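Computed from a predicted structure; not experimentally measured. Heavy-atom basis, side chains included; hydrogens, waters and symmetry copies ignored.
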Number of protein chains: 2
Amino acid sequence: MADSTSQSSPTCDVDGTCYCPLTGIINTLSRKYAMQLISIIGAHESMRFAEIEAHLSKASTSTISKRLSEFENAGIVTRTQYDEIPPRVEYALTEEGYAVRERLEPLLEWAATRSDTIVQ
Amino acid sequence: MADSTSQSSPTCDVDGTCYCPLTGIINTLSRKYAMQLISIIGAHESMRFAEIEAHLSKASTSTISKRLSEFENAGIVTRTQYDEIPPRVEYALTEEGYAVRERLEPLLEWAATRSDTIVQ
DNA sequence: CTCTATTGCTTTGGACTCCACAGTATAAAC
DNA sequence: GTTTATACTGTGGAGTCCAAAGCAATAGAG
């Protein structure tokens with residue numbers, strides 16, 4: 001990238017590293033329950049809405065709904081709708097979604113062993 | 001943990017996995033710029049406030065300030081204050097902070113190669 | 001025909017979070 | 001007296017999160 005002798009940007013890119021470009025998927029993951037949701041969905045081949053809710057009962061319906069459509073926009077989750085009554089919708093990780101989950105899992109597993117994880 | 005034959009909780013812990021306990025450090029990381037900040041600080045031995053700002057100019061001063069005190073509370077960053085004029089404060093990762101960063105780096109590096117990373 | 005059950009959401013209003021921008025404190029240099 | 005330097009905190013407005021209720025559609029029970 002840039003070397004430390006050249007000054008290109010006024011504030012960022014100070015010594016060759018600028019984190020500003022990290023706005024895409026990291027922004028999507030930097031929201032409440034986003035990482036947990038990716039992990040949960042990836043632990044199953046596909047999941048229905050109520051099933052996802054059951055695995056993360058602390059998150060509100062509306063938040064889960066929002067996260068899922070953000071994931072869809074980011075291309076890490078697919079939504080498949082079956083026109084039945086009662087309705088059936090299935091969510092699954094895309095290939096990119098699995099790539100995220102793969103890199104997320106070490107963090108989540110380590111976090112689960114921490115003392116500050118609040119149980120229920 | 002629990003086996004799938006026993007039903008303990010009404011909604012969570014459906015098939016032996018409940019993500020609700022993941023509230024500690026993951027909550028701290030699930031905020032805007034939190035992951036980037038850990039990465040930035042960990043790339044240096046210690047950093048001053050203005051220096052951190054320079055590496056992440058998209059984040060507001062108040063947000064960086066909040067993130068830093070959340071990190072301090074979570075025990076992943078130390079704040080060292082030198083009583084000089086003008087004031088000098090140094091931030092550095094703790095051992096736990098480095099443990100987080102270690103598990104965060106693969107994700108951030110992969111994210112940086114994605115097409116949806118917005119430049120500037 | 002009305003009532004209930006089922007699923008996957010959306011809506012609502014109130015609390016909390018993020019932003020840009022301005023202000024605070026201190027003392028030395030000019 | 002004004003400027004400079006650093007590390008923040010405060011403010012008001014926009015956006016985000018929550019619990020709880022509501023909606024749409026139809027099958028089956030009574």
Side-chain angles (χ1 to χ4, degrees), chain A residues 10-12 14 19-20 22-23 26-37 40-41 44 46-74 77-92 118 120, chain B residues 10-12 14 19-20 22-23 26-37 40-41 44 46-74 77-92 118 120:
Chain A
T11 47
C12 247
V14 181
Y19 290 77
C20 292
L22 280 179
T23 42
I26 297 301
N27 253 11
T28 307
L29 292 178
S30 296
R31 295 174 178 233
K32 216 165 181 190
Y33 303 119
M35 300 194 253
Q36 289 99 316
L37 280 169
I40 289 167
I41 299 170
H44 302 76
S46 80
M47 287 184 94
R48 300 181 64 174
F49 191 89
E51 205 180 346
I52 295 170
E53 270 190 300
H55 278 267
L56 198 63
S57 53
K58 299 211 121 176
S60 68
T61 341
S62 37
T63 302
I64 294 176
S65 174
K66 242 184 233 163
R67 284 307 86 87
L68 288 172
S69 65
E70 287 158 7
F71 293 163
E72 215 191 333
N73 290 338
V77 158
T78 56
R79 195 190 109 111
T80 313
Q81 183 175 338
Y82 299 91
D83 288 330
E84 308 169 357
I85 294 294
R88 183 161 64 99
V89 176
E90 305 227 323
Y91 295 93
I118 300 156
Q120 199 53 274
Chain B
T11 48
C12 246
V14 182
Y19 290 77
C20 291
L22 280 178
T23 42
I26 297 300
N27 253 12
T28 307
L29 293 177
S30 297
R31 291 168 183 239
K32 217 166 180 188
Y33 304 119
M35 300 196 253
Q36 289 99 317
L37 281 170
I40 289 167
I41 298 168
H44 302 75
S46 80
M47 288 183 92
R48 301 181 62 172
F49 192 89
E51 204 179 346
I52 296 171
E53 269 189 302
H55 279 267
L56 198 63
S57 54
K58 300 213 119 175
S60 70
T61 345
S62 36
T63 302
I64 293 176
S65 176
K66 241 184 236 163
R67 284 307 87 86
L68 288 172
S69 64
E70 286 158 7
F71 292 163
E72 215 190 334
N73 289 338
V77 157
T78 56
R79 195 190 108 112
T80 314
Q81 183 175 338
Y82 301 90
D83 287 330
E84 309 169 355
I85 295 291
R88 184 160 63 98
V89 176
E90 305 226 324
Y91 295 93
I118 299 157
Q120 199 55 274

For [X], all residues meeting side-chain contact (heavy atoms from CB on, under 4.5 Å), sequence neighbours excluded:
X       : value
B/Ser69 : none
A/Lys66 : A/Glu70
B/Thr78 : B/Ala92, B/Thr94
B/Ser65 : B/Phe49

Check: With a 4.5 Å heavy-atom cut-off, do A/Tyr33 and A/Lys58 have their side chains touching?
Finding: yes
Item checked: Pairing residues for A/Glu90 by the salt bridge (Lys or Arg N to Asp or Glu O under 4.0 Å) criterion, not counting sequence neighbours ->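 Listed in chain order: A/Arg88.
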Value in whole Å for how far the [atom2] atom of [N] lies from [atom1] of [X]:
X       : N      : atom1 : atom2 : answer
B/Arg67 : C/dC16 : CZ    : C1'   : 12 Å
B/Lys58 : C/dA20 : NZ    : C1'   : 14 Å
B/Ile64 : D/dG10 : CD1   : P     : 18 Å
B/Glu84 : D/dA7  : CD    : C1'   : 13 Å
B/Tyr33 : C/dT17 : OH    : P     : 17 Å
A/Gln36 : D/dC17 : CD    : P     : 12 Å

Next item on the list: Between protein and nucleotides 4-13 of chain C, map the contacts as a letter string: B base, S sugar-phosphate only, - none, heavy atoms under 4.0 Å, written 5' to 3'.
Entry: --BBSBSB--
